[in-house]
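What you see below is based on every heavy atom in this structure, not just the backbone, and it leaves out hydrogens, waters and symmetry mates. We name chains A, B, ... by the order of the sequence lines, and we start the count at 1 in each one.
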Amino acid sequence: MIKSPILQSLVSSRDDITHNQEAVNTFRGKEQEILYLLKRCNDVDEFKQIHARFIKLSFLCSSSFSASSVLAKCAHSGWDNSMNYAASIFRGFDDPCTFDFNTMIRGYVNETCFEEALCVYSEMIERGIEPDHFTYPFLLKACTRLKSIREGKQIHGHVFKLGLDDDVFVQNSLISMYGRCGEMELSSAVFEKLEFKTAASWSSMVSARAAMGMWSECLMLFREMCREKDLKVEESGLVSALSACANTGALNLGRSIHGFLLRNISKLNIAVHTSLVDMYVKCGCLEKALHIFKKMESRNNLTYSAMISGLALHGEGEAALRMFSEMIQEGLESDHVVYVSVLNACSHSGLVKEGRQVFKEMLKEGKVEPTAEHYGCLVDLLGRAGLLEEALETIHSMPIEQNDVVWRSFLSSCRVHQNVELGQIAARELLKLASHNTGDYLLISNMYSQAGMWDDVARARTEIATKGLKQTPGFSIVEVKGKTHRFVSQDRSHPRCKEIYKMLNQMEWQLKFE
DNA sequence: TTAGGGTTAG
């Protein structure tokens with residue numbers, strides 16, 4: 001029983017056709033109509049049935065154009081297993097053209113099957129099909145995601161040989177590929193050679209630095225970009241810059257970008273809003289972040305995880321849990337990042353019961369596979385609350401590999417709660433996993449010194465010295481009234497150092513009292 | 001058919 005009107009129309013067209021020239025002519029006339037219907041079809045089963053009819057009819061006469069269109073429709077549909085089906089169509093082609101190879105590469109990249117995309121490209125080269133300027137942006141994206149710099153460089157060579165190195169899309173893809181693979185000099189070299197630097201070229205440079213966590217370089221480039229005349233600054237570059245502001249505490253610049261966005265873009269999209277929320281939250285303006293969040297027309301998981309982790313950062317664990325409930329009520333499904341944010345919020349607000357419950361529900365639902373991050377949060381939650389035995393049991397119950405972070409978190413809790421016996425277990429496991437980490441030896445040494453075990457302190461310190469390890473002091477940055485202040489651990493160089501440490505002592509005392 | 005964007009443990 002065929003319910004679909006589209007299929008009914010096709011069946012009647014097939015019934016009319018007989019194996020003669022008249023039928024062929026009829027089909028030729030129908031071909032465009034079939035392609036039109038195929039393009040409009042939104043359902044995988046419907047597509048498969050139409051495709052089956054298409055095959056039956058097309059042995060009479062089919063243009064490679066039609067076949068390529070069918071393949072493209074399938075490869076870019078986003079349906080479940082669409083690429084498997086697309087591959088079966090593709091394998092049926094005797095002489096796939098450049099467009100067909102591009103379709104397959106693009107399809108695989110969109111489905112995050114990057115290695116498959118590279119394999120299709122290899123086959124393309126082996127079969128002597130010449131790539132074009134559409135091939136490389138997709139392919140370079142695959143290299144970027146795989147961090148395959150070796151393949152990326154080889155492909156750059158092909159681009160050069162084929163004379164496609166003057167295509168602006170290919171150039172920008174190269175900038176992005178090199179930048180995100182950590183090859184900043186090569187990325188800049190491609191950028192500097194550009195005859196016309198477009199908004200996307202700048203954006204590729206800025207966002208690659210943001211993706212690598214090079215926040216100050218990112219902002220430097222962003223400022224340079226803003227000085228360019230006749231350049232229409234687009235949202236993507238601004239989003240990366242906002243991310244850099246968030247991570248460096250550059251509130252003033254973040255505010256300016258927000259102002260620029262409001263003045264120049266009529267309707268801000270969800271990504272821009274999310275980065276604004278994140279920027280305000282990380283720069284200390286929780287209320288402003290909440291205001292933007294509440295005014296948003298629609299929100300997704302990324303928006304919620306930014307807001308939930310923001311609330312956690314500000315010590316608002318219960319509000320973070322309420323936000324999580326709202327997200328579920330809004331019909332969104334929690335993903336692994338949101339769970340990390342929620343568990344983290346519980347951990348930092350001492351919400352042990354709630355955190356346990358969230359973790360239990362996550363396992364019960366089974367939609368999100370627990371990762372080391374989730375276990376890390378749970379161990380941290382239990383450890384901070386002094387439930388060291390339960391934290392240790394949690395580590396032992398992990399169905400995945402225990403990593404250094406989990407043991408470090410547990411060790412830290414053992415130190416805080418002065419349990420040297422369990423701390424020694426953690427220290428042993430940690431040193432097995434991550435050697436040459438100065439911070440770990442210091443953590444171990446501090447634990448022993450608190451317990452007055454001076455021989456063990458000396459052993460840990462000797463270990464640091466004999467291994468020649470050096471510790472980079474940690475720091476935090478805050479911007480107050482347009483001025484950036486950096487607080488480096490143990491730093492005494494500030495002119496008002498005495499007052500700062502007096503205030504810190506006072507705060508510590510008050511916290512202990514509370 | 002093509003480039004560039006947001007969230008996450010310790």
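- If you check B:dT2, B:dG6, B:dG4 against the side chain of A:S207, the one that comes closest is B:dG4.
- A donor-acceptor contact under 3.5 angstrom links the side-chain atoms of A:S236 to the base of B:dG4.
- Listed by first then second residue, pairs satisfying side-chain hydrogen bond (donor to acceptor under 3.5 Å, both in side chains) with a partner in residues 263-273 of chain A read A:K267-A:E297, not counting sequence neighbours.
- Side-chain N/O atoms of A:K282 include none lying less than 4.0 angstrom from OP1 or OP2 on B:dG6.
- Side chain of A:A200, nearest nucleotide from B:dA9, B:dG4, B:dT1: B:dG4.
- Checking B:dG6, B:dG4, B:dT7 against every side-chain atom of A:T303, the shortest atom distance belongs to B:dG6.
- Under the side chain to side chain contact (heavy atoms under 4.5 Å, CB included) test applied with A:Y178, the options A:M184, A:K153, A:E185 reduce to a single match, A:K153.
- Nearest to the side-chain atoms of A:H348 among the listed nucleotides B:dG10, B:dA3, B:dA9 stands B:dG10.
- Residue A:V337 has its side chain nearest to B:dT7 when only B:dT2, B:dT7, B:dG4 are considered.
- Comparing atom distances between the A:S275 side chain and each of B:dA3, B:dT1, B:dG6 picks out B:dG6 as nearest.
- The phosphate of B:dT2 has neither OP1 nor OP2 within less than 4.0 Å of any side-chain N or O from A:K141.
- When the nucleotides B:dT8, B:dG6, B:dA3 are ranked by their closest atom to the side chain of A:H336, B:dT8 comes out on top.
- The base of B:dA9 is paired with the side chain of A:N403 by a donor and an acceptor separated by under 3.5 Å.
- Closest to the side chain of A:T274, from the set B:dG4, B:dT1, B:dG6, is B:dG6.
- Checked against B:dG4, B:dT8, B:dT2, the side chain of A:D278 finds its nearest nucleotide in B:dT8.
- Neither side chain, A:S204 nor A:N172, offers a donor N or O lying under 3.5 Å from an acceptor on the other.
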